[in-house]
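Here's the structure, in structure tokens; my notes come after.
Note on naming: letters A, B, ... go to the chains in the order of the sequence lines (proteins, then strands), and numbering restarts at 1 for each one. What you see below is based on every heavy atom in this structure, not just the backbone, and it leaves out hydrogens, waters and symmetry mates.
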Number of protein chains: 2
Amino acid sequence: MTRLPWLRTRLTCIRGTMPKNTPELLKGTLDLLILKTLESGPMHGYAIARAIEEATEQALQIEEGSLYPALYRMTNRGLLRFEWGLSAANRRIKSYRLTARGRKRLKLETANWGQFTQAVARVLGEQPA
Amino acid sequence: MTRLPWLRTRLTCIRGTMPKNTPELLKGTLDLLILKTLESGPMHGYAIARAIEEATEQALQIEEGSLYPALYRMTNRGLLRFEWGLSAANRRIKSYRLTARGRKRLKLETANWGQFTQAVARVLGEQPA
DNA sequence: GTCATATACCTAGAGGTCCTATGTATGACC
DNA sequence: GGTCATACATAGGACCTCTAGGTATATGAC
């Protein structure tokens with residue numbers, strides 16, 4: 001049971017900003033976030049997660065165990081496709097991009113999200129400005 | 001295989017407004033919606049579902065197969081408690097109300113929801129007014 | 001050089017939530 | 001007496017996220 005070198009790294013990463021919020025909330029939304037992030041151009045998985053975290057100022061943490069299965073799923077559904085390539089840091093990466101279908105899906109899910117949050121807002125009794 | 005009388009009722013109900021949206025989005029949100037609906041006073045399960053649907057102008061449909069398990073869950077967690085009673089229509093009902101814990105939870109989940117939607121909004125590139 | 005770190009990928013299994021489909025019961029109304 | 005809406009309930013499946021584990025390698029510090 002030797003402590004492997006990469007283990008400590010991971011733990012410190014997690015301990016860092018762990019907001020512990022949004023345990024279930026992320027449920028239907030991760031796909032939308034990924035689609036939106038890819039709208040501006042191709043990106044690889046790890047970078048997508050970082051981009052989302054940065055955009056939300058670490059409010060949302062994308063776990064790798066959610067991210068990679070999601071990318072896999074979405075590729076299978078024809079929303080994304082990927083090519084192997086090299087990152088700026090000279091690393092082997094899978095560069096994902098939206099397909100036409102993915103773009104259409106992004107539109108749909110964005111609209112759904114808008115409707116959904118409006119509906120919830122009505123229940124919460126927020127004044128729509 | 002005779003067609004049972006209550007079947008048709010149910011089907012027409014469903015066919016009515018079925019928006020088919022929010023398949024996954026509801027995930028972490030149903031509890032919040034129920035808590036908020038009960039904030040104004042005791043209510044029974046069926047009425048809670050109707051209230052949410054009305055508040056959202058049928059944008060959100062609360063299925064009974066989601067509703068009753070949710071009420072059960074939340075009762076077990078000490079967020080709600082209920083008493084058997086009679087409705088205005090003279091029917092046997094379980095009248096639910098918030099516990100102190102439920103009220104605290106409502107606050108927490110409302111705050112979480114606000115943060116979460118803001119985070120998503122940032123990714124979607126919406127201007128925060 | 002070699003050690004630690006960050007980058008970059010992957011997966012199995014657990015846990016949780018929602019929905020579909022099904023079932024029962026009864027008050028009100030025609 | 002039949003139909004409808006109300007009011008409860010639950011088993012099973014589908015789906016998604018997270019935890020926890022695993023591998024590989026470029027880069028910079030020492």
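Listed nucleotides: C:dG27, C:dC18, D:dA7. Nearest to the side chain of B:Asn90: C:dG27. Looking at the side chain of A:Tyr68, the nearest of the listed nucleotides D:dT10, C:dC18, C:dT11 is C:dT11. Side chain of A:Ser87, nearest nucleotide from D:dA9, C:dC9, C:dA8: C:dA8. Counting only heavy atoms from C-beta on, B:Ser66 has its side chain closest to C:dC18 among D:dC18, D:dC8, C:dC18. Distance from the side chain of A:Lys94 is smallest to C:dC10 among C:dA6, C:dC10, D:dT6. Residue B:Glu63 has its side chain nearest to C:dT20 when only C:dC9, D:dT17, C:dT20 are considered.
Taking atom CD of residue A:Glu109 and atom C1' of nucleotide D:dC16, one finds them 13 Å apart after rounding to whole Å. The interatomic distance linking B:Leu32 (CG) with C:dC18 (P) rounds to 11 Å, in whole Å. In this structure, the CZ atom of A:Arg92 is 15 Å from the P atom of D:dT23, given to the nearest Å. At whole-Å resolution of the value, NE2 in B:His44 and P in D:dC8 are 5 Å apart. Rounded to whole Å, the distance from CZ on B:Phe82 to C1' on D:dA9 is 12 Å. Computed from coordinates, the A:Ile34 CD1 to D:dT17 C1' distance equals 12 Å when rounded to whole Å. Note: OH (B:Tyr46) to P (C:dT26) measures 17 Å, nearest angstrom. Note: CZ (B:Arg77) to P (C:dG15) measures 14 Å, nearest angstrom.
No more than 12 heavy atoms of other residues, nucleotides or ligands sit less than 6.0 Å from atom CZ of A:Arg92.
Ranked by how close their nearest DNA chain D nucleotide is to the 5' end, A:Ile62 and A:Ala89 are led by A:Ile62. The residue among B:Ala70 and A:Arg91 whose nearest nucleotide of DNA chain C lies closer to the 5′ end is A:Arg91.
The side chain of B:Arg73 places an N or O atom within less than 4.0 Å of a non-bridging phosphate oxygen (OP1 or OP2) of C:dC18.
The main-chain N or O of A:Ile62 is never found under 3.5 Å from a side-chain atom of A:Ser66 such that the two would form a donor-acceptor pair. Using modelled atom types, no side-chain atom of A:Glu83 and backbone atom of A:Lys94 make a donor-acceptor pair closer than 3.5 Å.
Scanning both residues, B:Gly45 and B:Leu67, for their nearest heavy atoms gives O-CD2, 3.3 Å.
A salt bridge does not link B:Asp31 to B:Arg105: none of the charged side-chain nitrogens sits closer than 4.0 Å to a carboxylate oxygen.
Between the side chain of A:Glu64 and the base of C:dC9 there is at least one donor-acceptor pair of N/O atoms closer than 3.5 Å.
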